[in-house]
Amino acid sequence: MAPVEPARSGLPKPLRTLLDTSGLIAVFVLLFAGLAIFVPDFLTGRNIVGLLLSVTLIGSIATTMMMVLALGEVDLSVASIVALAGVVAAVVTSASGSVTIGVMGGIAAGAAVGAFNGFVVARFGINSLIATLAAMEFVRGLAYITSGGDAVMITVPEFFDLGSAAFLGLTLPVWTMIACFIVFGVILNMTSFGRNTLATGGNAEAASLAGVNVRKLKITVFALQGLIAGIAGVLLTSRMGLGDPNTSQGLELAVISACVLGGVSLSGGVASITGVLVGVLIMGCVQNAMGLLNVPTFYQYLVRGAILLLAVMFDRWKQTRRAGG
Amino acid sequence: MAPVEPARSGLPKPLRTLLDTSGLIAVFVLLFAGLAIFVPDFLTGRNIVGLLLSVTLIGSIATTMMMVLALGEVDLSVASIVALAGVVAAVVTSASGSVTIGVMGGIAAGAAVGAFNGFVVARFGINSLIATLAAMEFVRGLAYITSGGDAVMITVPEFFDLGSAAFLGLTLPVWTMIACFIVFGVILNMTSFGRNTLATGGNAEAASLAGVNVRKLKITVFALQGLIAGIAGVLLTSRMGLGDPNTSQGLELAVISACVLGGVSLSGGVASITGVLVGVLIMGCVQNAMGLLNVPTFYQYLVRGAILLLAVMFDRWKQTRRAGG
Amino acid sequence: MTDAYLRVENVTVEFPGVKALDGVSFSAHEGQVHALMGENGAGKSTLLKVLSGVNRLSEGCLYIGGESYAFSNAREALKSGIAIIYQELTLAPNLSVAENLLMGQLPAHHGFVDRRRLRDKALAILEELGEGKLHPSTRVRELSVGQQQMIEIGRALLRNARIIAFDEPTSSLSVQETRHLKRIVARLRDEGKVVLYVTHRMEEVFEMCDAVTVFRDGRHIRTHDTLEGLDHDALVSEMVGRDINDVYGYRPREQGDVLLRLDGIKGRGVTAPASLDIRRGEVLGLFGLVGAGRSELMRLVCGAEHASEGAVVFKGAACRFESAQAAIRAGIAMCPEDRKTQGIFPVASVSDNLNISCRRFFKRLGLFRHPRRETENTLKYIQELSIKTPGPRTPIANLSGGNQQKVILARWLSEDIDLFVMDEPTRGIDVGARRDIYSLLYDLAEQGKSVLVISSDLAEVSSICDRIGVMRGGELLEIIPREQATPERLLGLALPA
Amino acid sequence: QDDVKIGFIVKKPEQAWFINEQKAASQLGEEKGFSVVRLAGEDGQQVLSAIDNLHSQGAQGFVICPPDVRLGPAIVNRAERYGMKVVTVDDRFVGSDGEPIASVPHLGMSGYKIGQQVGEAIAAEMKARGWDPETVAALRISNYELPTAKERTDGATQALLASGFVEGNIYDAPQQNTDTSSAFAAASPIFSKHGDFDHWVIYALNEESVLGGVRASEQYGLSPDQVIGVGINGSGAAFAEFSRQKPTGFYGTMAVSSTMHGRQTADNLYTWIKEGEKPRDNTETTGTLMTRDNWEQVRADLGL
Ligand SMILES: Nc1ncnc2c1ncn2[C@@H]1O[C@H](COP(=O)(O)OP(=O)(O)OP(=O)(O)O)[C@@H](O)[C@H]1O
Ligand SMILES: Nc1ncnc2c1ncn2[C@@H]1O[C@H](COP(=O)(O)OP(=O)(O)OP(=O)(O)O)[C@@H](O)[C@H]1O
Ligand SMILES: O[C@@H]1[C@@H](O)[C@@H](O)CO[C@H]1O
Ligand SMILES: [Mg+2]
Ligand SMILES: [Mg+2]
């Protein structure tokens, strides 16, 4: 059972949240400081920009995955949605000649898959792991079929501007990620939709008896997940200049582990946007630093595994210590 | 809340279990009959032997995954364990010249990883998904390092006999799978170890309050999972003639979905060996038939996804219908 | 008197922010049924969890049969001959009755479960529990809450412990089950066991117990080694620190027009068409034994389940709620009976648990919630219902059982509701708080709202309600006005013919 | 029995390359009147299942691109047990002695050699642009878990060094996958670390990966004339890049005719089964440099 934190009750909300997730934040701060000191070129403007860009995909999708996990569900189909949305955007743009239509098409495809997932889970009560595993296969198949298996070329040059349009030195994908963190942070904490999501994840039956429309809620959350994965897929396609049906395999596990690293409970009912942000950044920094340090790939596996385990163990240790003291 | 089944309470246990999982068995029987009739060459002795052989890896590991899931945990590291055990067996056999030592080495490596997973989960209370995700990366890294990245060829010819030794027309891997089903079926249903596993998965707090040594139990179950994955890895290596550090990527999801398809609950406390067997066979038959029918790869994704979803939905539908009637 | 077999000396248990027990000492003897009493959150359950190794001591010592112990897990306590029936159910829902009864000590031979002995042992203990009709291989999740509670009791009995402790065992038991329990307790006393018995029901203390210890705010207040000469009111005031003469404090009031009418409705669990009226300003009781179908009837009203027949007329219009949400919006709220599975969001804070429904009234810009007003609302009820919690942000799972119940009540009290359906609203709630809750119900009725109380507590229904409906076996038998509702008559109707 | 049925097993059935190969083989089958069963063999286990499956259908032989060349002995063994003929395409079996298994006919490009072609193309373009080797850095997007990938990048490295490239200027970017975004992620830190170079060359095991590197170079403000990226294959990814309005750092790719590979191997196997005429031990194909200027022509020539 989790501890009471009486002394903290008086503190303002943001600070308290910070302290609640502080185990992990401490890990991150230490890690970041360590990397800044010991890894040459780590703390340079362009490396940080590159680091941010490299986590946009995981980061954007992690915000909605957080909602899905808070609901006590999981979504394994995100990587396939990214691929499908990208391919659809590329095909539609080329066919219609209109970037707007193409982009809309890609995003709509993502949202539709998400809504379908939500429908299957909420209406038929199918376990979301298995439902989205099925979707993961099915949607990847659709992506291959749409593209004919090959990367799809995009003939409309404006399409590429999407991924590279910059503002204050940051490109659209980075801004999108930032927007996702703000929007879903606000949704989770400041709206009844967000609180109902947590409540449903904590005890679905009780939530339904307390007047939450659980079915609608689930469909909405999954649809949002599809929507964001769709947007991420379209942006990826525009950044890479091609709609690749093969892209992002294994992304779902990376996203889920960023969330769990950030303290989101897999059994539902517990989530924090700060935690997810830190989880995403830890994973991104480690990966980036390994690149800078030229760590051989084989050892990269070891490092990634070890960091993941150590971070969770440290967090755990802080929690029990707090509970004990 | 689930329904009362008064009429059934009087039936003998095995029959009741059969009825409980009957939704899925019905799916399987229908599917099998359909395939036998409509797919040429499906119901031939050699195809069935091939089919059995093709599911040995998933099948063997699914039996222990069932135990892990029954415990309310999950193990994502199985594919990496298969790879590591295979590589270790190959390296040790080549180095020592002794097949026995090599085989033992591979299996021991698997069991050790499993025990370590169990230790981390049980001792530190780390969520098993994240703990084994870390192990999945780490152990894959170890496999690459052990092998130097390349597949390791085996120089001792006796090693190959392991994988191809046949008895009654079935090879050792098939017999191993059959043994796993029997052994873990018995363990789950007939031993206090198995019942305690289900009790712990159903309500860990209750089990621990009732004096079950939950920690020891978890470590043992994970170690068994590692052991079986290790054996499967060694047999795979012997069949392939090489220890490949890249092998079996994505196996964990296939195994878990076979289990879930077989009615094993991801939230713990519910498992049936018949269900898992049927789950494994459904997946194997579908894959096999698609090969015989020459279904283009892209459509195979659609079919796999659709079958998975339909099977679970059908099962679900039977359950609610039973509850309603 | 012999030396005390169980001695607790100067025991302190701290949780962050709370001293659940503060230097408590007391002792209990063999052959004694020792009642532990106190308000919600007084530390009774914590004390039992110290005995069972779940909670660790920060100070103090346990002596059992003269030897000192400090348990670090449940297994050690079980080995030392202590068995506890916890306040909350601890069962594995998908395992059989027999396996739950013998959880942790399955009869086995070389690791293989001896099915025959398992069944025999289960059958024997079920007989003893008065649940002889239960089949040992039935899954526990199919049982009623009362039957599940009996399984818990059976499990503890099967431990053959010297010290056996019950934490509010009767709160979910039916009349017959309670009778059985009393017999079992008496037998344990005769066998010379140490029985600790936590309850909020005064009559049980006077009927069954030999000694009583009162706690308040984690401190030991007083131990009465005998109940002779002990006065009911004196005991109550020791517990709550003030005098309460009449817990029920019934207040008569004016009634308005009919708010809800049930017209021959039938559905799952309600086998015969049920009809009733409830007026504004009325407190209507539904009495019956566990399993009589009262909750089911109310689930039909509240949209949690659909009626197969009949009509629900609310505020003059026939309605059929598709969901609990629709019912709430229309003005009907249900406070469910099973707190753990239907009521609380365990990991969420007290404030989130309380404001889940009513926060729609505190919205800003029609979109964002209003944390300050939510907190104010929470603080208001913490005060009004004297909810014992370190603060509004504490996870509700950290509260004592009774205090969790109060939070759920507050959830509905802060709603804009015309009809309150309260299923066992005072289950597990201490005398002082009960009085507060009753008075709140009267307040609601005086404001022209209606309250429907489902209760298995005979004294409660007959004392606080204006009319009482009695159910038996899925049938609503009769609705009796307060004046005629003697306990004998109610019970006579409710018991199987 | 007159009906000839052959299998075509590939290691990555979703890749355009292999789709083309399998399609070409099927087409030839239709022309010549034999049937082709297309199967996936993404790891050893799947390959053996695929062979079992072919055996159940009564196929007489199969063409295979194995997921690992060292699976050779196990595959040959299985095929012999069933009396099936085997031909390899793209990747050649290796025996336990580490040498190619000569008894299995092979057709394909040598990874090392095609890599060399890449290196040579880069070197030629560097010279054409008049770059001083001292000022040029190489981004080598590597994937040492994949033996073929290693061969290719090794070949390119060797050719570059032979042309006078400075060894110390070659930087490794290990990718986790073989797609664009993983190459992008791997390349980014290299550019941020070595911002002092004005000229970059990029190579990798395939086009997608080189493209990822090129995208990363753009991210770091390098212009197309500062970058020479050369890929391998000649697939949609390259066509997409060449059809963009303005040139990019993706200079060219070594196009190989997957269509020809598919047709030729299927034909060889068919003749072997039908007429008992065993194909040549080893047929090596080479790549054609495809650039922005000639890509449509080369594409048509190779039948891609
Ligand atoms: N795990 C825990 N973490 C933090 N606080 C706790 C925990 N368990 C109990 N408490 C606190 O300790 C105090 C005593 O709780 P306890 O459950 O012993 O009360 P109780 O006397 O059994 O009350 P009730 O009659 O309501 O069951 C309460 O204030 C409760 O909030
Ligand atoms: N999920 C269920 N499926 C089938 N029957 C059920 C289910 N839940 C309850 N029942 C049956 O419905 C009837 C009424 O149940 P319930 O225990 O809720 O009555 P009650 O009068 O509300 O009792 P109480 O509120 O005191 O627990 C019982 O016969 C019970 O066995
Ligand atoms: O994997 C490569 C493929 O991309 C193509 O280049 C042909 O050869 C294979 O080895
Ligand atoms: Mg209590
Ligand atoms: Mg009830």
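Order of the sequence lines sets the chain letters (A, B, ...), proteins ahead of strands, with each chain counted from 1.
The pair R294(C)-E296(C) does not count as a salt bridge, with every side-chain nitrogen at least 4.0 angstrom from each carboxylate oxygen.
Of all the listed residues (G202(B), G211(B), G194(B), A207(B)), the one sharing the greatest number of non-hydrogen pairs under 4.5 Å with chain C is G211(B). Ranked by non-hydrogen atom pairs under 4.5 Å with chain B, the options R159(C), E88(C), K79(C), M103(C) are led by M103(C). Put simply, of S265(B), G269(B), A206(B), the one with the most heavy-atom pairs under 4.5 Å next to chain C is A206(B). Heavy-atom pairs under 4.5 Å with chain B were tallied for L95(C), D114(C), L102(C); the largest tally goes to L95(C).
Checking E152(C) against T90(C) by side-chain atom types alone, a donor-acceptor pair falls below 3.5 Å. Under 3.5 Å, the side chains of N117(B) and T132(B) contain no donor-acceptor pair of N or O atoms.
The NZ atom of K44(C) sits 13.5 Å away from the CG atom of L196(C) when rounded to the nearest 0.5 Å.
Aromatic ring centres of F124(B) and F119(B) lie closer together than 6.0 Å.
For chain B, the nearby part of L78(C) is the side chain; its heavy atoms alone come within less than 4.5 Å.
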